[in-house]
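Worksheet: the structure to be examined is printed underneath.
The chain is numbered in sequence order, starting from 1.
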Amino acid sequence: MTRVSWTTVIGAISLLIAAYLFYHTFDPVYDVSIVTAGRGPVFFPRILLALMLVLSLAVAIEGFRLPHRFFSGRTALIVVSAVALTGLYIAAITSAGFLISTVVYVFALPFLLGYRNVPVIGAVAAIYPLTVWYVFDKVFLIILPSSPWFDSF
């Protein structure tokens, strides 16, 4: 009898969450595309959720092919910490705005995951949020939460 690996379980849970959220984006409450240049507030989330569906399915399938591995206590602590940091990031977006909270999050997460190349992390933490903010604000015409301390971002 084959035991199911944690990789398969995590992939399946991610797949179910992504499928539910993708389905939820078709709720009539989000049908306001006229206001936002024909795209609506779920334009980009649908793209990300479709990608998450595909990748979650790949993780679940890969879990059947891999030998069974167990998480160490350190790995579990890193996963829980990353989830907590992501929760703080989501909460910070509403209070500090997208740009400031994303710079802090993109700078902190690699350290938590063990990457220590500070110049690379600093460059990514500066360039990535600015690029995403510019593309959403100027190209897609989707307004991201702004900082209460600064008028322009």
Can you tell me how far the [atom1] atom of [X] sits from the [atom2] atom of [Y], to the nearest 0.5 Å?
| X | Y | atom1 | atom2 | value |
| --- | --- | --- | --- | --- |
| T8 | I13 | OG1 | CD1 | 11.0 Å |
| D137 | L99 | CG | CG | 10.5 Å |
| M52 | L57 | CE | CG | 12.5 Å |
| L53 | L16 | CG | CG | 10.0 Å |
| L15 | L55 | CG | CG | 11.0 Å |

Is it possible for you to say whether [X] and [Y] belong to one hydrophobic cluster, with membership spreading through side-chain heavy-atom contacts below 4.5 Å?
| X | Y | answer |
| --- | --- | --- |
| L49 | Y23 | no |
| F136 | L48 | yes |
| V29 | V42 | yes |
| V103 | W149 | no |
| I10 | V80 | no |

Task: Fellow cluster residues of V54, listed by chain then number, with links counted only when side-chain atoms sit under 4.5 Å apart - done: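 Answer for V54: none, a lone residue.
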
Task: Linked hydrophobic residues, V104 as query - side chain contacts closer than 4.5 Å - done: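 Its cluster mates, by chain and number: none.
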
List the atom pairs, donor and acceptor, that lie under 3.5 Å between side-chain atoms in residues 105-126 and the rest of the protein, sequence neighbours left out.
residue	atom	partner	partner atom	Å
Y105	OH	T86	OG1	2.9
R116	NH1	F111	O	2.5

Open item on the list: Students often mix this up, so state it plainly: with edges at 30° and 60°, are the rings of F26 and F22 parallel, tilted or perpendicular?
Closed with: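 Correct class here is perpendicular.
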
TODO: For S101 and F98, indicate whether the former's side chain and the latter's backbone hold a donor-acceptor pair under 3.5 Å.
DONE: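 Yes: the side chain of S101 pairs with the backbone of F98.
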
Open item on the list: Keeping S14 on the side-chain end and G11 on the backbone end, is there a donor-acceptor pair under 3.5 Å?
Closed with: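 Checking the backbone N and O of G11 against the side chain of S14, no donor-acceptor pair under 3.5 Å is found.
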
- [ ] Would you mind telling me which of T102, L144, I100 makes a side-chain contact (heavy atoms from CB on, under 4.5 Å) with P129?
- [x]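 So the option named by the test is T102.
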
Open item on the list: Between I93 and Y89, is there a side-chain heavy-atom distance shorter than 4.5 Å?
Closed with: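 Answer yes - side chains close enough.
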
